[in-house]
Amino acid sequence: MAVLGYQEKEGESLTTFYNLITTKSAQLKHSVKPWQKTTNGELASRPYNKERIVNYAAALQLISKKTTIPVPRLISFGESNDGTAWIETERTHGGVWLDVVRDQCRMPAGKQHVEDGGECDECDRIARANARRYIAEEVVPQLNSLTSDTTGLNGRVIPPLWVTFHDKTAYWPPKKLKSGQPEYVFCHGNLHGHSILMHAETLHVLKIVDWDEAGYFPPEFQVWSVERADYEALYENAEQRKRLTELML
Ligand SMILES: [Zn+2]
């Protein structure tokens with residue numbers, strides 16, 4: 001899975017889908033042109049590439065206004081005539097992806113769990129437990145309190161990556177609730193170890209980022225995991241995928 005939306009170093013990098021510019025105080029994520037070739041010759045496009053950026057901005061506005069969930073501060077965003085869009089957010093310092101915590105012991109000198117300060121299972125365990133508790137107790141209840149009678153967000157439906165990886169339906173129209181159905185709830189859509197930014201020293205949740213696929217979905221699709229294997233298993237879960245497309249298309 002591509003690592004997007006956060007990097008510690010300043011500079012510019014072109015991923016398969018975005019041009020990412022990081023300065024001291026901000027980060028600019030600009031979608032590449034549809035079907036542009038990247039430096040390694042890959043075709044730089046995927047469904048909803050521009051819409052993801054626009055959707056991320058809309059989700060940040062909603063989440064920062066209606067919840068206490070920590071998200072990057074939105075500075076600006078917009079669309080260009082060439083079929084691309086961009087979003088500028090305040091840069092977050094001192095963070096580390098949950099999935100990367102394990103790479104080294106995060107404790108200060110003298111209190112380290114491993115002698116050489118290298119790979120640390122204990123830091124990984126602490127960080128995942130903190131993230132699991134925080135998401136279950138603080139994030140998900142607040143997301144579930146945001147409800148709608150229409151799928152997607154502001155007229156856009158961006159299905160989760162574990163669906164679009166297989167399902168190539170070009171357009172998912174917003175769908176209205178049928179009577180008797182439970183209301184749609186707001187979902188992050190891609191909540192796992194590479195969208196959860198942890199404080200590199202305290203190992204508590206610092207920010208929840210990458211709300212590109214966020215929107216209103218049936219409550220049973222409020223799915224997330226702090227365990228990478230669980231999250232990746234979603235990609236192979238044909239039944240779950242079938243269920244979502246039946247309810248949403
Ligand atoms: Zn450690």
Side-chain angles (χ1 to χ4, degrees), residues 1-39 42-93 95 97 142-143 146 148 150-161 163-164 169-174 184 186-191 194-197 206-217:
M1 255 175 276
V3 177
L4 302 170
Y6 176 77
Q7 61 178 30
E8 197 51 52
K9 287 183 194 146
E10 288 175 38
E12 188 170 343
S13 63
L14 182 66
T15 74
T16 313
F17 310 120
Y18 302 115
N19 192 19
L20 203 59
I21 299 171
T22 306
T23 69
K24 203 169 220 170
S25 59
Q27 189 163 67
L28 184 79
K29 192 160 140 178
H30 198 148
S31 68
V32 295
K33 285 181 195 162
W35 311 113
Q36 181 183 338
K37 274 208 171 168
T38 62
T39 36
E42 273 182 77
L43 273 181
S45 192
R46 62 176 168 179
Y48 315 102
N49 212 22
K50 179 184 90 171
E51 289 76 11
R52 279 168 202 280
I53 297 273
V54 179
N55 201 56
Y56 188 13
L60 286 183
Q61 287 175 318
L62 178 76
I63 292 296
S64 60
K65 192 172 165 199
K66 302 268 189 187
T67 77
T68 60
I69 299 168
V71 293
R73 192 175 71 80
L74 181 64
I75 298 172
S76 64
F77 67 99
E79 294 181 54
S80 311
N81 296 332
D82 61 1
T84 63
W86 49 270
I87 180 169
E88 184 185 13
T89 51
E90 194 170 79
R91 189 170 158 206
T92 303
H93 291 273
W97 293 120
Q142 293 195 70
L143 292 180
L146 303 174
S148 171
T150 308
T151 57
L153 176 60
N154 298 352
R156 263 180 319 270
V157 179
I158 303 186
L161 286 170
V163 172
T164 51
T169 306
Y171 173 63
W172 289 45
Y184 300 122
F186 199 74
C187 300
H188 178 286
N190 191 22
L191 189 48
H194 263 101
S195 47
I196 305 167
L197 198 59
L206 188 58
K207 294 274 162 71
I208 307 287
V209 305
D210 288 349
W211 297 76
D212 303 20
E213 289 110 31
Y216 292 97
F217 288 83

Which residues pass the side-chain hydrogen bond (donor to acceptor under 3.5 Å, both in side chains) test with Ser25, not counting sequence neighbours? none

Do Leu146 and Ile63 have side chains that approach each other closer than 4.5 Å (heavy atoms only, starting at C-beta)? yes

Indicate yes or no for a side-chain donor-acceptor contact from Asn55 to the backbone of Ala214 under 3.5 Å, with no hydrogens or angles considered. yes

What distance do Thr67 atom OG1 and Gln142 atom CD have between them, rounded to the nearest 0.5 Å? 5.0 Å

Interatomic distance, Thr164 atom OG1 to Tyr48 atom OH [nearest 0.5 angstrom]: 7.5 Å

A side-chain contact here means heavy atoms from C-beta on lying under 4.5 Å apart; do Ser148 and Phe217 qualify? no

With a 4.0 Å cut-off, would you call Glu79 and Lys50 a salt bridge? yes

Glu213 side, atom CD; Glu51 side, atom CD - distance, nearest 0.5 Å: 12.5 Å

Any idea which heavy atoms bring Tyr184 and Thr151 closest together, and the distance? CZ-CG2, 3.5 Å

Which heavy atom of Asn49 sits nearest to which heavy atom of Ser31, and what is that distance? O-CB, 3.9 Å

Restricting to non-hydrogen atoms, name the atom on Gly189 and the atom on Pro160 that form the minimum distance, rounded to 0.1 Å. O-CB, 3.8 Å

What distance do Ser80 atom OG and Ile53 atom CD1 have between them, rounded to the nearest 0.5 Å? 10.5 Å

List in chain and number order the residues that pass side-chain hydrogen bond (donor to acceptor under 3.5 Å, both in side chains) with Ser64, two or more places apart in sequence or in another chain; answer none if no residue qualifies. none

Any side-chain heavy-atom pair of Asp210 and Lys29 under 4.5 Å: yes

Can you see which heavy atom on Leu74 is nearest to which on Ala57, and at what distance? CD2-O, 3.9 Å

Looking at every non-hydrogen atom in both residues, tell me the closest pair between Gly215 and Leu153 and how far apart they are. CA-CB, 4.2 Å

Looking at side-chain heavy atoms only, is the closest gap between Lys24 and Glu10 below 4.5 Å? yes

In terms of ring plane angle, is the pair Phe186 and Trp211 parallel, tilted or perpendicular, where the classes change at 30° and 60°? parallel

Could you verify whether a donor N or O on one side chain and an acceptor N or O on the other, from Thr89 and Gln27, lie under 3.5 Å apart? no

Any heavy-atom pair between the side chains of Val71 and Val209 that's under 4.5 Å? no

I need the minimum non-hydrogen distance between Arg156 and Ala58, along with the two atoms involved. NH2-CB, 3.7 Å

Residue among Ile69, Asp212, Ile196, Ile208 satisfying side-chain contact (heavy atoms from CB on, under 4.5 Å) with His188: Ile208

If I take atom CG from residue Leu28 and atom CZ from residue Arg91, how far apart are they, to the nearest 0.5 angstrom? 13.5 Å

If I take atom CH2 from residue Trp97 and atom NE2 from residue His194, how far apart are they, to the nearest 0.5 angstrom? 6.5 Å

